[in-house]
Protein chains: 4
Amino acid sequence: MIAKAKLATKPRKSPSQERSRATVDAIMQASTYILNEVGWGGLNTNAIAERAGVNIASLYQFFPNKQAVIAELQRRHVTSIRADIQHALQNISNQPTLRVALTVIVEMVVKEHQSAPEVHKAISEELPLSQRCKQYDQGEMLKEMVNALLPFMKNVPDPQLATYMVGISIKAIVHQVTNQRPELLNHSSLVDELVTLMERFLIRE
Amino acid sequence: MIAKAKLATKPRKSPSQERSRATVDAIMQASTYILNEVGWGGLNTNAIAERAGVNIASLYQFFPNKQAVIAELQRRHVTSIRADIQHALQNISNQPTLRVALTVIVEMVVKEHQSAPEVHKAISEELPLSQRCKQYDQGEMLKEMVNALLPFMKNVPDPQLATYMVGISIKAIVHQVTNQRPELLNHSSLVDELVTLMERFLIRE
Amino acid sequence: MIAKAKLATKPRKSPSQERSRATVDAIMQASTYILNEVGWGGLNTNAIAERAGVNIASLYQFFPNKQAVIAELQRRHVTSIRADIQHALQNISNQPTLRVALTVIVEMVVKEHQSAPEVHKAISEELPLSQRCKQYDQGEMLKEMVNALLPFMKNVPDPQLATYMVGISIKAIVHQVTNQRPELLNHSSLVDELVTLMERFLIRE
Amino acid sequence: MIAKAKLATKPRKSPSQERSRATVDAIMQASTYILNEVGWGGLNTNAIAERAGVNIASLYQFFPNKQAVIAELQRRHVTSIRADIQHALQNISNQPTLRVALTVIVEMVVKEHQSAPEVHKAISEELPLSQRCKQYDQGEMLKEMVNALLPFMKNVPDPQLATYMVGISIKAIVHQVTNQRPELLNHSSLVDELVTLMERFLIRE
DNA sequence: TATGAATGAGCGTTCATTCAT
DNA sequence: CATGAATGAACGCTCATTCAT
């Protein structure tokens, strides 16, 4: 018997009282802990509740189902970095040179990975892609990035495509480096090289 | 109680007769099917056996546990593309220009994604990273790529790092495009642009 | 592949409400029933839960595994008779003659076998010895028995050994008689003869 | 669902050929090994066959089912010691004194435990009693023992009962000592004391 | 409302036994 | 007939979720 289901992922009620918020926070923290220490296979609602120190029935008073817990986990992470992202993107156009603009972007992505590395790692490495919130990976920033970078480009036949490629590359490289060779992030040469990779691609002379 | 365990993932018995090889093949095929149609969450040994049309106990005569089934799935995929990879890598140095060499590499990666796209997608998008075989993601090809590309580079301060970055970028972009915008692969412009991205990074004049 | 494993046998949760105590009791009762009616081979957790009228998952909320159920079964039986044993042992020294003292002991053992005969039979005949709780067979009472009987002995070269032998004999005879020829227990001659066997061994004139 | 079944326990065919005998022997040896090293819980036909180095289907050509394997194991053990037992029993009446006669019996029982200690331990400690062949525990020797010992008894009100008790005691003590304190068997005092226990019970002056 | 208890459905795995070459 | 393969029926145990106090 093979079946697939879609469930509501909205939190059941907004934690208005302090007590409630603490409970939800504990659930989020516990979920992150388990994802990192045990992995996706160990992430079950009973374990989350136990680790969080809340009763399993309480968990279900704040979340309609397991999916909602996972969704909230991602929503929180996205929210926590969205401000940074927005801020960075808006500043890009004001930068004097492409090099500076790209540096801003790269550093933003790095920051994104370092702000809550466990959460990020848990989400990006343990959650099967089918469990991911659309918003999470999907760069809404793409359009904004295109607009921001367009003025700097020279001889780029398809700016949209180029931006797409640039976005993917930056994310992928920063992600891999963060998880496989974090020591490289300390040497500025990585950021430099990343910026160079993009710069030479977007300005072709 | 939170615990993590590692199990042997080697096949239990290698099928010697043809009948059993068919059984194992059916298991592999069924696993792939389920990963694609239902996702990681629906991949359980009973479902695999049922879909494969074999008894669950037969599955366990050839695989000591579920992990081993998953591992074999990955092993087979890696094996099936390793030949192509080896061949491509050995030919790189013989290419006249960097542009041609890079094109060979990119096309190899594209081929890798297209040879068994469902398997590849299933493994790379559904399997939590902690379930992946080490060999799978690990680019042994990195060293070889460095050697092959080194003669072509100009003004690259850290060829090792550059190659690492190039490798990640190509994989990431081809992967994302394959899964999100497969129509782009038909227009040669993507490959062209990818090659351009790399070429301008490795030859800086 | 041949392997042996030891698992924790401590109860997982102690039932705090009355409802759950009833559940645990039902599980114990069902286990005893199955051991008696079907035997060790039929003692599986699903059957226990079904017979107890509780959900299988409930069973596992109070017992971490099957072993724990079996262990608890034994623990309860031991506990239920320990009081009698203690009481009897403490009274031995106060008896006027060896004959009376031995009678007390024998009657205690008989009582032990009759207090919960099904449980006792199930445990002692169906449980492979490797499944037994250490405490169960282990006579802690040996030391106490030695001390109690010592003053009565005459010409016994090794009182320790003699007590050991006496203990084994009483248990074995009562056990076998209980299970094979229970009608003998009604005739007081058996107890008499048992006492005589011991008396003549411990007082040699 | 609770059910109980009785199956035929006769070997399917007598191993006439040499090859066959070797196979059966290997199966017996493997069963004993597993019983001792893993216990009753690990004794399954697949494991037996694997350990014996024979195909599982071959096992079922010599034994109709698992019960038959177990039965044969016991039958062989009984057979291997029956000669000794018969011999000893027939000699009892010819002994000059009760003390010598009892010594013969005790030494016979000791020998029985030492002749194939693993087999004996496996059968007596791991096999649930419901798996035992009737013949095994059941002393047919009882009647013979009564007859043999009767001439020596003095003032024993119920010789039948006394013999029954004596038989149980000897077996139980030797068994326990063998398994718990084997070092005691070397000191002759144990046998001496055992004989004394019986002697003073059967001759009351 | 917070909590201990409960549960249906199902998953990973085993085992006694039979089939087919 | 010896062997690899196959299988039905369980069994131990878990998990997402709900009930009841």
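In the text below, chain A, chain B and the rest are named by the order of the sequence lines, each starting its count at 1. Quick note: numbers below take in every heavy atom, side chains included, and nothing from hydrogens, waters or symmetry partners.
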Exercise for the section: Write down the atom of A:D25, the atom of A:R76, and the distance for their closest heavy-atom approach. Expected result: OD1-NH1, 2.7 Å

Handout entry: Donor-acceptor contact below 3.5 Å, side chain C:T32 vs main chain C:M28
Key = yes

Handout entry: Base versus backbone protein contacts along nucleotides 7-12 of chain F [heavy-atom cut-off under 4.0 Å; B, S, -]
Key = BBB-BB

Handout entry: d(CZ, B:R21; C1', F:dA5) in whole Å
Key = 13 Å

Handout entry: Rounded distance (Å) that lies between atom P of F:dT14 and atom CZ of C:F62
Key = 15 Å

Completion exercise
Looking only at heavy atoms, the pair that brings C:A26 and C:A52 closest together is O-CB, 3.5 Å

Practice task
Take the protein atom CZ of C:F63 and the nucleotide atom P of E:dA5, then report the distance between them rounded to whole Å.
Solution key: 12 Å

Handout entry: Euclidean distance, atom CD1 of residue B:I48 to atom C1' of E:dC11 [Å, nearest integer]
Key = 11 Å

Handout entry: Stem regions touching DNA chain F, defined by at least 3 consecutive Watson-Crick or wobble G-U pairs below 3.5 angstrom
Key = E:2-21 with F:2-21

Practice task
Spell out, as yes or no, whether a donor-acceptor pair under 3.5 Å connects the side chain of B:T79 to the backbone of B:R75.
Solution key: yes

Handout entry: Over all atoms of both residues, closest heavy-atom pair of B:A47 and B:G42
Key = CB-O, 4.0 Å

Practice task
Hey, which sits more toward the 5' end of DNA chain F by its nearest nucleotide, C:P64 or B:S20?
Solution key: B:S20

Problem - Whole angstrom value for the distance that separates C1' of F:dT17 from CD of A:Q67 - result: 13 Å

Exercise for the section: Can you tell me the distance, in whole Å, between the CD1 atom of D:I70 and the C1' atom of E:dA16? Expected result: 11 Å

Exercise for the section: Give a yes or no answer on whether the side chain of C:S31 reaches the backbone of C:I27 with a donor-acceptor pair at less than 3.5 Å. Expected result: yes

Fill in the blank from the handout: Separation of E:dC15 atom P from D:E50 atom CD, nearest Å, is 11 Å

